Amino acid sequence: MGVPEQREDFYVTVAIDYPNGDPHVGHAYEKVAADALVRFQRLRGRPTFYLMGNDEHSQNVLRAAKQRGQDPEGYCADMAGVFREAWDVLGVGYDRFMRTNDPRHIAAVQRLVQELHDRGHVYAGTYHGWYCVSCEAFITDKEVNDGLCPVHHRPLERVEEANWFFRLSSFRDAVLEHVRRHPDFIQPEARRHEVESLLRSGLEDVSISRAKTEWGVPLPWDPDQVVYVWFDALTTYLSGVGYGWDEAAFRRHWPADVHLIGKDITRFHCVIWPAMLLAAGLPLPRTVYGHGFLNVRGEKLSKTTGNTVDPVAFARRYGVDAIRYYLLAETPFGQDGNFAPESFAKRYNSDLANDLGNLLSRGVAMLERFREGIVPQPPADSDDGFREAAATTRDQLAGAMEGLRLHEGPAALLSLCARANRYVDRQAPWELARRGESERLDAVLYNVAEVLRILAVGMSPFLVQAPEEIFRQLGLDPGAVRDVGWAGMEWGGLGPGTRVCRGAPLFGRLDPEAVAQDAGSFGGHTPTAVPSASTPAPDPGPTISLEEFRRTELRVATIQAAERVAGADRLLRLQLTLGDGTPRQIVSGIAAHYRPEDLVGRQVVVVANLEPATIRGVRSEGMLLAAKSGKDLRLLGPDGPVEPGAEVR
RNA sequence: GGCGGCGUAGCUCAGUUGGUCAGAGCAUGCGGUUCAUACCCGCAGUGUCGGUGGUUCGAAUCCACCCGCCGCUACCA
């Protein structure tokens, strides 16, 4: 289906980010993971291309710019600098940073939509509905929750306008067919099942343009409209490698080998994106990988509550390699992960300090003490099984990375490291030295040094500083880590006669308690976004008049009966009294939070003059008020008994 | 409600097509060692492999049902 089995160059993309705030550790997780993939492929000697960028044409970003009193162009340029600096600090070596406001990208988007238009996949229609600025998405009537976005719980904007639609529905069969025939197309498997399920249930055409917005890419045939931001954003995967402005480069790179994305945007990448590409006559990417979310201290990452980690501050505090290693080694890739001080300190100490760092420390120390710092010539056939062990590790590393099981890479390397530590204890070079067993001593010291060299090479996709430092302490050219390539994983690469050079501990041990209390690196501290005196207060959002508010009739009601609605998980059917003698029936989505029997007799606040509706075939006359924080939901009511029907002002 | 998945040592998780599959790492306890970053090495565990039935000579591994949790989805006025 137009997907080459394996091309020469390896093209990886990550999600582009909204620059409406500073990069956080969740962003970093994805970027570092992709970086490890790319570094591994480079190690294998494969040409690679790593694309990242910022998603600038969103209302979020426009708003953030206005809040800072900047025009969007200037704001986005500044933020691109902030993001790029963060990736630099984290050692993320991307090949191109494509901003959606880049003229080359804008040209590419226009070319793509024109292509779809020319091929008859776009038609004029009228969009009625809701739009969530935070999601950058149109929300169907079914999804609207009390006038709020189901995801962000923020007020929606009512939109009714003529705009342009993409015939997504006509590509359903083709996309479904592709997903079924290419099991690797969507990974992990759970994501593929979700997408298949979605596709089976059918697709509706989607709006691809918006009117009345000056910020965005104008449609070539209707400049009064701009391209819907998701279409715009997805197109960076094409524009980033030359689509629309460097055809030769584009042919060389496209299709992508891996789109690395968060699991929340699977739908766009596995349904809409393939359909767009099919419609444009372009080949589909080989794999879309939806990685898990990174929680912080066991809780959802949240900027508003400050439950986040600034990856830049963290890297500066504990080292680039510390954060990279923790991100990559701690969590089985694909699952949700957790970023917590305790587990970080534990992982760092046990793997990096005690095992890897200490092996280097003792290895180099022994060479200095017993061999004047010179790597000895080992006797023939004295590798004591390490040649084979190293080959196994190399294969495990390759298997892990090719299979996108990133966390298995460090695990395989640590296993070789542990073997070497064990080996030192069993061979006891200090005993060999005392007994004058010179040949055995030569063999053991060489083997340890050679394992260290191989570990440095193998770790180079994950760590960016330690491998060079290991090379340096082994007396090798630090820059050679990047040049040795896959052959560097072969046993025997270390030349006898090399003079080692003892240095500071590779990874100094951390005090877990101190780490746990280090709010500076673990808090929501974001040095690049320190609000200045000139920063305007955040936009409080549109206001309503007192008159408008008074139109809402809020009253206290007493629940007299409650029962579950058959066939619905979240719905309860409630009978209430407002003290007017007329029982009132309300259907409410609180079944997950309250048991029916616990509700009877309670007093709650209801919207009494809400237009009645029928939910799941059950009449509902009003709505309960409840506070929602995260997953918790608490009904509101008077803090003491009042007469049913009492007005709430 | 539909679809998908998960529930295995204190913690995080491996366990291919049923027969050394009851494991690894971390944590814990005891012992050893001194080249090394109070490191490293050895030993020791504990587990009713969520529950109940069933298929089988034999199931953590297959089937049914149940309990709990998660994801997508529907309902959530």
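Every value quoted in this text rests on a predicted model; they were computed, and no experiment measured them. A, B, ... follow the sequence lines: proteins, then strands. Residue 1 opens every chain.
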Revision key, fill the gap. Mate of G1(B) across any strand shown (Watson-Crick or G-U wobble, both atom pairs under 3.5 Å) is U73(B)
Practice item. Scan every strand shown for a Watson-Crick or G-U wobble partner of C26(B), both distances under 3.5 Å, and answer none if you come up empty. Key: G10(B)
Across the strands shown, which category fits [X] at heavy-atom distances under 4.0 angstrom: base, sugar-phosphate, nothing?
X       : answer
L506(A) : base
P505(A) : base
V607(A) : nothing
G622(A) : sugar-phosphate

Practice item. Establish, for the pair K263(A) and F293(A), whether the NZ or CZ atom is under 6.0 angstrom from the six-membered ring centre and no further than 45 degrees off its axis. Key: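 Yes; both conditions hold, so K263(A) lies above the ring face of F293(A).
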Check your understanding: Below 4.0 angstrom from OP1 or OP2 of C39(B), is there any side-chain N or O of R509(A)?
Key ->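 So the side chain of R509(A) is within the cut-off, an N or O lying under 4.0 Å from OP1 or OP2 of C39(B).
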Review point. Would one find a side-chain N or O of Q335(A) under 4.0 angstrom from OP1 or OP2 of A14(B)?
Key: yes
Check your understanding: Could you state the CZ-C1' distance from R200(A) to C72(B), rounded to the nearest angstrom?
Key -> 12 Å
Exercise for review: Tell me which nucleotide among C41(B), U37(B), A77(B) gets nearest to the side chain of M623(A).
Suggested key: A77(B)
Point to revise | Nearest-nucleotide pick for K346(A), side chain only, options being A27(B), C40(B), U73(B) | key: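 Closest nucleotide among those given: A27(B).
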**Study point:** Short N-O contact, E553(A) and R555(A), less than 4.0 angstrom
**Key:**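 Looking at E553(A) and R555(A), the cut-off is met.
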Review point. Relative to the ring of W230(A), is the ring of H269(A) parallel (under 30°), tilted (30 to 60°) or perpendicular (over 60°)?
Key: perpendicular
Practice item. Assess whether ring pair (Phe, Tyr, Trp, His ring centres under 6.0 Å) is satisfied between H178(A) and F185(A), documenting all intermediate values. Key: CA-CA 8 Å; H178(A) 183 85; F185(A) 178 58; 4.7 Å; yes
